[in-house]
Amino acid sequence: MSDNVFVGAGQWLTDSAHWSGTDGVPARLLEHLGYTVLTVVIAAAIALPLGLWIGHTGRLRGLAVALTGSLRALPTLGLLTLVVLWVGIGLTGPILALVVLSVPPLLAGAYAGLESVDRHTIDAARGLGFTEWQVLTRVEIPLALPLIVGGFRSAVLQVVSTATVAAYIGLGGLGTYLIEGVQIRDYPMTLAGSLVVVVLALVLDAGFALAQRSAARS
Amino acid sequence: MIEFRSVSKTFADGTTAVRDFSLVLPSRTTTVFVGSSGCGKTTLLRMVNRLVEPSSGQVLIDDVDVATRNPVELRRSIGYVMQHAGLLPHRRVVDNVAVPLRLAGVGRSEATSRALAALETVGLDPALARRYPRQLSGGQQQRVGVARGLVADPNILLMDEPFGAVDPIVRDDLQQELLRLQRELDKTIVFVTHDIDEAFLLGDQVVILRRGGEVAQVGTPAEILADPADDFVRTFVGLDKARRTLHVEERAGARIVVDGDGRPAGVLGPA
Ligand SMILES: Nc1ncnc2c1ncn2[C@@H]1O[C@H](COP(=O)(O)OP(=O)(O)O)[C@@H](O)[C@H]1O
Ligand SMILES: [Mg+2]
C-alpha cells in the first residue's frame with residue numbers, strides 16, 4: 001500500500017497534466033509564494049520598524065520579549081480558525097493569521113540583531129558625529145543584518161508551511177493538493193503536494209542561509 | 001580655548017567620576033591629563049564633545065557652552081581618537097579613516113585619497129588600507145584611529161590613550177610625529193595617558209589627576225619636576241626613583257650625567 005502511494009506520487013509528479021493550468025503545480029506554487037510574500041511584507045512593515053526602534057533605544061524591550069514569546073505560543077490551527085470565525089471567509093482572515101505568526105521572528109531578529117552590536121562601535125559612531133539615524137542605518141542595521149535576515153528566514157519558513165494548512169479554508173496554494181487529496185482519498189496527490197512544499201521550504205531555507213552568510217561576511 | 005568650569009559627573013549608577021573640576025586649556029597647545037586608571041580622564045575628555053553630559057558645571061569652547069551646541073555638529077568639528085580605536089568593523093580601514101571627511105560632505109574619491117595620506121602619516125603600510133579592522137593588530141588599529149582623528153584637520157583633537165597598544169618603537173615614532181604636527185599645525189590637543197613620560201614629552205600643560213578627577217597639580221613639565229605639589233605628585237612623576245634624580249660627575253675630563261643609582265645617563269652638552 002505505502003509503496004503504491006510513493007509510486008503514485010512519483011507518477012503524479014511526472015504527469016505533465018499536473019504542471020499546467022490553474023490547478024497545476026506552477027500556478028499553485030506561485031499562489032503559495034504570493035501569499036507568503038504578501039504576508040511577510042505586511043508583517044515586516046509592522047515588526048521591523050518596531051524591532052529596530054526597540055533595539056536602537058532599548059525601550060519597551062520587556063514588552064517585545066513578552067510579545068514574541070506569547071505570539072509564538074499560539075497554536076497555528078487554532079489561531080487560523082479563530083481569525084476566520086472572526087473576520088469571515090476570504091483572503092483577509094488567513095493573511096491576518098499568518099501575519100500574526102510571522103511577526104514574532106521578524107521582531108526578535110530586529111531587536112536581538114541591534115542588541116548584538118557592540119556598544120563601543122555605536123559609541124564610536126556617535127563620537128564621529130553620526131546622527132542617530134545614521135547610527136541606525138549605517139552602523140546598527142548593517143551589523144545586525146545576519147540576525148535580521150535570520151528573522152526573515154524563520155518567518156518565511158513558518159508561513160510557507162502554515163499556508164499549507166490555510167488551504168482548508170479555501171486559500172489555494174500548494175495546500176490545496178493536501179486538503180483535496182485527503183478529501184477525495186487521492187493519497188498520491190497528497191504526498192506529491194507535501195513533497196513540493198518540502199522542496200520549496202528547503203530551497204528557500206538554503207537561499208536564506210546563503211544570504212545570511214553573505215550578510216555576515218560583509 | 002577650552003574651559004572646564006566646576007564640572008562634576010555622577011553616572012546613573014551613582015559613581016562620581018569627576019568632582020568640581022576647573023581648568024583652562026589654552027588654544028594651540030597640548031594639555032595632557034595623566035593619572036592612573038579610573039581617575040576620570042576619559043570622562044573629562046568626553047565632556048568636550050558631549051559624549052558625556054556634566055551633572056553640573058559647564059565646558060566651554062571659545063567661551064561658548066558646548067551644551068548649547070548641536071552635538072552632531074560639535075562632534076564633527078572635533079577630532080576624537082578613542083581609547084580602543086573604536087573602528088567600525090564592517091568598513092575597510094581606508095573607509096574608516098575617510099568617515100570624518102564623508103560626514104563633512106567631501107566626495108568619495110577625494111576622501112579616499114586624503115584617508116590614504118593620513119594612513120601614511122601614521123606610518124601604516126598602504127597594503128593594509130583595503131583590510132577590515134579585525135585583520136589588524138591592536139596597535140595597527142590604534143594607528144588607524146589616530147589617522148581618522150587627524151584626517152579632517154580639526155582645530156581641536158581629543159586623544160584618549162592613543163598609543164597604549166602600539167609597541168614602544170612605533171610609539172616613539174608616533175609621539176615624534178605628533179610633536180611635529182603640533183609644531184606645524186598648531187592644534188588644541190587634549191591628550192589622555194597614564195604614562196608620565198609620555199605626558200612630559202607631549203604636554204605644554206600637564207594635569208596630574210587623582211581619583212574623582214581631582215587635580216593634584218597643573219603646570220609645565222618643568223614646573224612640576226621643579227616644585228611637586230605633594231608626596232603624591234613626587235611619587236607619581238618618579239622623583240623618588242633613581243632615573244629622575246640625576247647629577248653631574250667629572251669622568252676622564254668630561255661631564256657625565258649620572259642617575260641616583262650611579263648609572264651614567266648621558267653627557268652634559270653645551271647649554
Ligand atoms: N558610563 C559609565 N557609567 C558608570 N560609571 C562609569 C561610566 N564611565 C566611567 N565610569 C566610572 O567612572 C570612573 C572614571 O572612569 P574613566 O573616566 O573612564 O577613567 P579613566 O579614563 O581615567 O580610566 C571609573 O570609576 C569608571 O568605572
Ligand atoms: Mg580611560
Side-chain angles (χ1 to χ4, degrees), chain A residues 48 51-63 109-153 208-218, chain B residues 12 42-43 45-53 69-92 95-106 111 115 132-135 141-142 144-145 147-152 154 156-160:
Chain A
L48 285 191
L52 293 175
W53 181 80
I54 290 167
H56 179 75
T57 61
R59 284 185 216 148
L60 294 184
R61 192 179 170 276
L63 181 76
Y111 79 72
L114 258 57
E115 275 176 6
S116 75
V117 178
D118 187 350
R119 296 293 104 188
H120 285 111
T121 303
I122 295 168
D123 183 72
R126 289 207 178 101
L128 291 166
F130 281 70
T131 62
E132 287 308 300
W133 179 251
Q134 288 170 328
V135 169
L136 178 68
T137 56
R138 301 194 190 172
V139 179
E140 290 180 309
I141 291 176
L143 288 172
L145 211 52
L147 286 176
I148 295 175
V149 174
F152 273 95
R153 186 178 177 179
F208 275 107
L210 278 178
Q212 238 175 329
R213 206 171 309 155
S214 72
R217 212 179 310 121
S218 63
Chain B
T42 297
T43 304
L45 197 70
R46 288 162 63 85
M47 288 184 191
V48 177
N49 63 2
R50 291 192 67 184
L51 283 171
V52 170
E53 302 283 357
R69 301 212 18 208
N70 175 304
V72 169
E73 282 165 21
L74 178 74
R75 288 166 195 158
R76 288 181 185 179
S77 71
I78 295 176
Y80 179 34
V81 181
M82 284 156 243
Q83 189 163 2
H84 302 289
L87 303 180
L88 305 178
H90 58 304
R91 300 220 183 152
R92 293 178 196 278
D95 298 327
N96 261 282
V97 177
V99 164
L101 295 171
R102 299 287 293 144
L103 288 175
V106 176
Y132 285 95
R134 62 175 171 278
Q135 298 170 311
Q141 290 184 27
Q142 270 200 326
V144 176
R148 187 176 62 184
L150 295 171
V151 74
I156 296 177
L157 196 52
L158 309 177
M159 306 184 83
D160 197 349

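To find a chain, count down the sequence lines: A is the first, B the second, and so on, and within it residues start at 1.
To the nearest 0.5 angstrom, B:Gln83 atom CD is 11.0 Å from A:Asp123 atom CG.
Counting heavy-atom pairs closer than 4.5 Å to chain A, the top-ranked of the candidates B:Asn49, B:Leu87, B:Leu88 is B:Leu88.
Heavy atoms of A:Glu132 lying under 4.5 Å from chain B are absent altogether. Using a 4.5 Å cut-off between heavy atoms, B:Arg50 makes no contact with chain A at all.
In this structure, the side chain of B:His90 engages the main chain of A:Arg138 through a donor-acceptor pair within 3.5 Å.
No option in A:Thr121, A:Val117, A:Asp118 other than A:Thr121 meets the side-chain contact (heavy atoms from CB on, under 4.5 Å) test with B:Pro89.
Applying the salt bridge (Lys or Arg N to Asp or Glu O under 4.0 Å) definition to pairs two or more places apart or across chains, none involves residues 69-80 of chain B.
Smallest separation of non-hydrogen atoms from B:Val72 and A:Phe130: CG2-O, 4.0 Å. Closest approach of B:Gly86 to A:Ala124, counting heavy atoms only: O-CB, 3.1 Å.
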For this session: Mind running side-chain contact (heavy atoms from CB on, under 4.5 Å) on A:Leu128 and B:Arg148 for me, showing each step along the way?
Result: CA-CA 9 Å; A:Leu128 291 166; B:Arg148 187 176 62 184; 3.5 Å; yes
